[in-house]
Each structure stands twice: as C-alpha cells, then as structure tokens.
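Written below as structure tokens is the structure these notes are about.
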Amino acid sequence: MPTNIVISDDIEVTQMEGEAIVALESAVIATGLPSPHNLTAAYRCQAAIRLQGAKPATIAIIGGIAKVGCTTEEIDELGIRDDIVKTNLSNLSAIMSQGRWGATTVSTTMHLAALAKISVFSTGGIGGVHRDAEKSFDISSDLMALAKYPLIVVCAGAKSILDLPRTVEVLETLGIPLIGYRTDELPAFYSRTSGIKLDIIASEPSDVARIAKEHWNLGFKSGLLVVVPLPEAQEIPAQEMEIFYQIAMAEAEREKIHGRAVTPFLLSKMEALTNGRSVTTNMALLENNARVAGAIAVALAQQLK
Ligand code: PSU
Ligand code: MN
C-alpha cells in the first residue's frame, strides 16, 4: 500500500479475519448535510452498521493522507472544518499532494475502498447524468467509478435533480447490475418511486451477496448498485419535490454554478426550499442504507468463508 494511504489497524485486522466491513463516504459529511446533522448522520450510519455485525470504515483525505477507517476525532473535524474540498477522481491526486483535507465522493471512496479490498459501501444517493447533460455534459464520475471498482454500492437511488432514465441507461451501458432491494422500482432518493421498473430484485441480503459473488467469479472488475427505498414514513412524494428541483436548478443556472459545485449547491437549495425536511429525510435514508449494507456485508463475508 502506498504510504499516503493509511488503513486503520481495526479495519486491517477485520479484513485479515475475513469479517464484514462497510465503507462510508465523507462528502456527505462535509458537503452534503449541514452541521450538526452531518455528524449525527455519520455516527448513526456507523452504529447501524455495527448493529448488523459489521465494521464501518469512514474514508476521507486527512491533511493529504487518504484514511480508510477515520477516527472519531477525524470525523468530528470533517463535520466542522471549512477548508475541506469535495474530492472526486479528477482532483484526488491534487488534494493529496497539496496536503489538504478532502471529502470523498462516491467515486473516490470507491477507489480507496477497493485499494483496501473492501467489498461493500453505503452512501445516500449516487451522482449520475444531470438533466441538462446534453448541454452541460455533466455526468458524475460516480458512474465511471461503478464501472471500475469491484464494490457493492448501497444507495437510495438517485435524486430527481438527475435524469433518472438516462442514468439507468448509462449504468446498463457500463454493465453495472442494478439491483432493487425489496423493490421492483428504482427509488428516487427522497421518494420511494420513480416510475422506472427494475428487473433484478433481491429480497434478502444473501441474495445480493450471491449476485455479487457470481459477478466477480465471472471475472468482472466492476461494481454492483443496490437501490433501497427509504422508509415510508420519511418519504417526500416526487410531485412535491419537482417544483423545488425546478427552482433550485434555475437558480444554479442563473448563478453559473459548474462542475463539482453543482450537487452541493442543489442540495443546500433543497434544504432551504423544504424548510429542512429534505435534511431529515436524507438522514433517515442514510441510516437505512447503512443498515442494509451492514447486513449485505455480513452475508457476503459468510458466503466467502
Ligand atoms: N447525493 C446526495 N448527497 C450527497 C451526494 C450525492 O444525496 O452528498 C454526494 C456524493 O458524495 C456523490 C456526489 O458521490 O455528491 C456526487 O457529486 P457529483 O454530482 O458532483 O458527481
Ligand atoms: Mn458533475
């Protein structure tokens, strides 16, 4: 392992023993949720994973060092520092070489988790094809990462700030299995439904683990995407969100927001427009995904023994 990538002792030992680990990203802590909800969510996700019998490994760039398995002190700092850079595949090397702090998105978390040989990763929603992609060419590096790294990524689908049908098409082009966890419909993050039907459905964590094992046995080096609808009680119906998306996206255009700044901008607008309800919902689905990812990691570890 290169010296600027550090795996915590705890995660290294768990790895050697073949026990379950779930990677967690840090972009959601530093750029996805407002303080102090970001830290509440971060620790709730860790607790949910532990409750399933797996170990959480939060990943971030700590002063130029890529850390797999951040300490609570490091996580606390990720929650409050204002000099943390959102880090995807295109600026990871720059941020590290400059000795800065980086919040890892799905793409960079996958890269680092794969180096640490972790097989399961839990997040909120993945990035995808933006609605105006034919003009902006804005397609998240998360999709490229899913094609490159052998991890099961658990999420609540993707937000309708994205073009969901196009996102699904790109996933298919890249050969990434898209698995509905106890659903036959792609969830749309804040909402349980999107109208997009899925044809791979898993009813148990062990079903997901079996598909992943088969995928990797076939020699594929790519990831699998597991989509989990958020708990019904927390759902915000898609029609209700649509008007807010329109407002947020128009504002992003007016303010000429580009590149890595787009998603955090839209997220904070959604928070303001929904009076914070989007944040409560986001926290609930993060915890729910972590719980499911923990169970999948345990099932996978069992099947690999
Ligand atoms: N979706 C969310 N919250 C987030 C993100 C996505 O609901 O915080 C973050 C994730 O880290 C994801 C990244 O990988 O945004 C995608 O950013 P972009 O669209 O710039 O690729
Ligand atoms: Mn983008």
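In this chain, residues are counted from 1 in sequence order. Order of listing sets the numbers, starting from 1, for every ligand and every atom in it.
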Pair Glu214-Ile211, side chain to side chain contact (heavy atoms under 4.5 Å, CB included): steps then yes or no = CA-CA 5 Å; Glu214 197 70 59; Ile211 298 172; 5.7 Å; no
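When only non-hydrogen protein atoms are considered, atom 7 (O) of ligand 1 lies nearest to Lys159 NZ, 2.5 Å. With respect to atom 15 (O) of ligand 1, the closest heavy atom belonging to the protein is Thr263 CG2, 3.7 Å. Looking from atom 11 (O) of ligand 1 to the surrounding protein, the closest heavy atom is Glu25 OE1, 2.6 Å. With respect to atom 6 (C) of ligand 1, the closest heavy atom belonging to the protein is Gly125 O, 3.3 Å.
Taking 4.0 Å as the cut-off between side-chain N and carboxylate O, Glu12 and Lys117 do not count as a salt-bridged pair. A salt bridge does not link Glu17 to Lys55: none of the charged side-chain nitrogens sits closer than 4.0 Å to a carboxylate oxygen. Checked for salt-bridge contact, Arg210 and Glu204 miss the test: no charged N lies under 4.0 Å from a carboxylate O.
Counted by atom type alone, Thr87 and Thr104 present zero donor-acceptor pairs between their side chains at under 3.5 Å. At a cut-off of 3.5 Å, with distance as the only test, a side-chain donor of Ser222 or His215 sits close to an acceptor on the other residue. Side chains of Ser160 and Glu242: no donor on one and acceptor on the other come within 3.5 Å. Side-chain polar atoms of Ser8 and Asp10 form no donor-acceptor pair below 3.5 angstrom.
Proximity of Thr105 to ligand 1, defined as any heavy-atom pair under 4.0 Å, is shared by backbone and side chain alike. Only the side chain of Leu267 comes within 4.0 Å of ligand 1, judged by heavy-atom distances.
Evaluated for a side-chain contact (heavy atoms from CB on, under 4.5 Å) with Ser107, the options Asp142, Leu143, Leu92 yield exactly one hit, Asp142.
At a threshold of 4.5 Å between side-chain heavy atoms, the hydrophobic network of Ile, Leu, Val, Met, Phe, Trp and Tyr places Val226 and Leu186 in two separate groups.
Heavy-atom contacts of Ala27 reach the following atoms of ligand 1: 11 (O) (cutoff under 4.0 Å). Ligand-side atoms of ligand 1 in range of Lys86: 17 (O), 18 (P), 20 (O), range being under 4.0 angstrom from any heavy atom. Of all atoms in ligand 1, numbered sequentially from 1 with element shown, those under 4.0 Å from a heavy atom of Gly32 are 8 (O). Every atom of ligand 1 with a heavy atom of His130 under 4.0 Å away is listed here by number and element: 19 (O). Near Ser140, meaning under 4.0 Å from any of its heavy atoms, are these atoms of ligand 1: 18 (P), 21 (O). For ligand 1 and Asp142, the ligand atoms under 4.0 Å from any heavy atom of the residue are 12 (C), 14 (O), 16 (C).
Take a cut-off of 2.8 Å around the Mn ion (ligand 2): the protein N, O or S atoms inside it are Asp138 OD1.
A donor-acceptor pair under 3.5 Å is formed between the side chain of Gln15 and the backbone N or O of Ala116. Formation of a donor-acceptor pair under 3.5 Å by the Ser122 side chain with backbone atoms of Leu24 is not found in this model.
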